[in-house]
Number of protein chains: 2
Amino acid sequence: MPASKVTDEFLLEKVAEVFRIHGYEGASIRLLSQATGLERASLYHRFPGGKEEMAAAVVARTCEWFGRHVFSPLQAGGSPEERLRRVAANLRDFYRRGTLWCVLDVMTLGGGPDALLARVRAAYSAWLKAFEGIAREAGMSASTARSRAQQALIGIEGSLVLARVTGDSRPFLRVLQDLPALLGAARSE
Amino acid sequence: MPASKVTDEFLLEKVAEVFRIHGYEGASIRLLSQATGLERASLYHRFPGGKEEMAAAVVARTCEWFGRHVFSPLQAGGSPEERLRRVAANLRDFYRRGTLWCVLDVMTLGGGPDALLARVRAAYSAWLKAFEGIAREAGMSASTARSRAQQALIGIEGSLVLARVTGDSRPFLRVLQDLPALLGAARSE
DNA sequence: GTCTATAGCTTGATAGAC
DNA sequence: GTCTATCAAGCTATAGAC
């Protein structure tokens, strides 16, 4: 096959960036073209399904990242708290210390295709389940584990919203710091 | 002045609804026209500043609501916990038990005018400060009060995101239920 | 695989009749 | 105060040269 002007990885990175900032509806093909350095028609060559396929690819890429940097480490060796510290560090890098917004959050506003919402919904479910699993492993009851997992996700998403609006990302860093204790240490509920 | 086809209140209500669902960029004039029942040109008559003025009006209306149903009750009579219970009930109604999304969250994606972001930023600051104030009054240290206020906002925004994506609004209701204890009772940090 | 050119529709916004 | 009609610019998407 002929040489590509930009690698798949670079392309997806830039596309994700635009979706993350503008949401599905706000991410126009022109904006995506400018961000990637590819003309609009070339973008359609790489993503024949157009905007919807680009968004799907971004979600798939995010899911893949979570598999490798969240779900896998949670099932690796070491104590639950050790594993959670590693995951927290990964999440901190992924969201660039709170300066990036959550693409899964931002893509689910109205106006997007239903299939996209379904994919994101599934991703959140998997995330929640992974957090729940580690909490169970740390010795919590089923209901406590579920509640803590929700708390963890709420903390991450909420602090990212706060960071976006107020410009202060310290609460996000604190949420991550508290993650090992929240999910990895069975305390009184 | 001649009779209006729709009242200011109805108009703002419908406009807010569209912005809440689609964000600033996704809320098109046509969509706003359909939602309000007014033709596009009539919308420009009511809001000469166009889309930007509509969004500003929505934010102003939200701020007004917060003044009346959050800030005021927090400074009214009764113990901090009693006041917080009242505020939590108001917030539960405002977000329709977690089925509505936060317009302040949704409007701050990229693509919106800077002035809008500034207004929302100010609104969040006021909200944070109000929560901080009641926590101080409940006997917490300055730093604890600030941290708890952030936690409260994170919980509300995060659980609304979770409700939007997963469709489960129970975590939101639980966050509100925990609000009086979080901000109104000085415990060990 | 990328490009220029273009199609057809939607966008935000305005002019002017009633 | 609301409407129909209209504008230029933007949109998603496609056709076809290189």
Side-chain angles (χ1 to χ4, degrees), chain A residues 1-59 106-107 109-117, chain B residues 1-59 106-107 109-117:
Chain A
M1 62 180 128
S4 294
K5 187 177 172 186
V6 299
T7 65
D8 280 9
E9 196 179 318
F10 175 87
L11 191 54
L12 260 183
E13 171 74 29
K14 291 301 180 184
V15 166
E17 200 173 301
V18 174
F19 275 115
R20 204 203 310 266
I21 293 176
H22 291 269
Y24 184 80
E25 285 186 304
S28 73
I29 302 293
R30 174 161 303 180
L31 224 45
L32 290 160
S33 163
Q34 288 168 350
T36 58
L38 281 185
E39 286 302 320
R40 278 167 288 170
S42 307
L43 231 39
Y44 279 97
H45 178 81
R46 302 286 278 265
F47 301 97
K51 189 169 166 176
E52 188 163 344
E53 184 178 338
M54 300 184 211
V58 167
V59 172
V106 146
M107 295 259 258
L109 290 193
D114 287 345
L116 187 65
L117 178 58
Chain B
M1 64 180 130
S4 295
K5 187 177 171 185
V6 299
T7 65
D8 280 8
E9 196 179 318
F10 176 87
L11 190 54
L12 260 183
E13 172 74 30
K14 291 300 180 184
V15 166
E17 199 173 302
V18 174
F19 276 115
R20 203 202 310 265
I21 294 176
H22 291 270
Y24 184 81
E25 285 186 305
S28 72
I29 303 291
R30 174 161 303 179
L31 224 45
L32 290 160
S33 162
Q34 289 169 349
T36 57
L38 282 185
E39 285 304 321
R40 279 168 287 170
S42 306
L43 232 39
Y44 279 97
H45 179 81
R46 302 285 280 265
F47 300 97
K51 189 169 165 175
E52 189 164 344
E53 185 179 337
M54 301 183 210
V58 166
V59 172
V106 149
M107 295 258 259
L109 292 192
D114 287 345
L116 187 65
L117 178 59

Which whole-number value in Å describes the distance from [X] [atom1] to [N] [atom2]?
{"X": "Phe47(B)", "N": "dT2(D)", "atom1": "CZ", "atom2": "C1'", "value": "15 Å"}
{"X": "His45(A)", "N": "dA13(D)", "atom1": "NE2", "atom2": "P", "value": "17 Å"}
{"X": "Leu43(A)", "N": "dG1(C)", "atom1": "CG", "atom2": "P", "value": "13 Å"}
{"X": "Tyr24(B)", "N": "dT11(C)", "atom1": "OH", "atom2": "P", "value": "14 Å"}
{"X": "Ile29(A)", "N": "dT2(C)", "atom1": "CD1", "atom2": "P", "value": "15 Å"}
{"X": "Glu39(A)", "N": "dC11(D)", "atom1": "CD", "atom2": "P", "value": "14 Å"}
{"X": "Asp8(B)", "N": "dG1(D)", "atom1": "CG", "atom2": "C1'", "value": "12 Å"}

Could you check which of [options] has an atom nearest any side-chain atom of [X]?
{"X": "Arg40(A)", "options": "dA13(D), dG1(D), dA13(C)", "result": "dA13(D)"}
{"X": "Arg30(A)", "options": "dT2(C), dC11(D), dA15(C)", "result": "dC11(D)"}
{"X": "Ser28(B)", "options": "dG12(C), dC3(C), dC3(D)", "result": "dG12(C)"}
{"X": "Lys51(A)", "options": "dG1(D), dT10(C), dT12(D)", "result": "dT12(D)"}
{"X": "Ala41(B)", "options": "dG12(C), dA15(C), dG1(D)", "result": "dA15(C)"}

- Using salt bridge (charged side-chain N to carboxylate O under 4.0 Å, His left out) as the criterion, list what pairs up with Glu39(A), not counting sequence neighbours.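 None.
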- Contact check, side chains of Leu109(A) and Leu109(B), non-hydrogen atoms, under 4.5 Å: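 A side-chain contact exists here, since the closest heavy-atom pair is under 4.5 Å.
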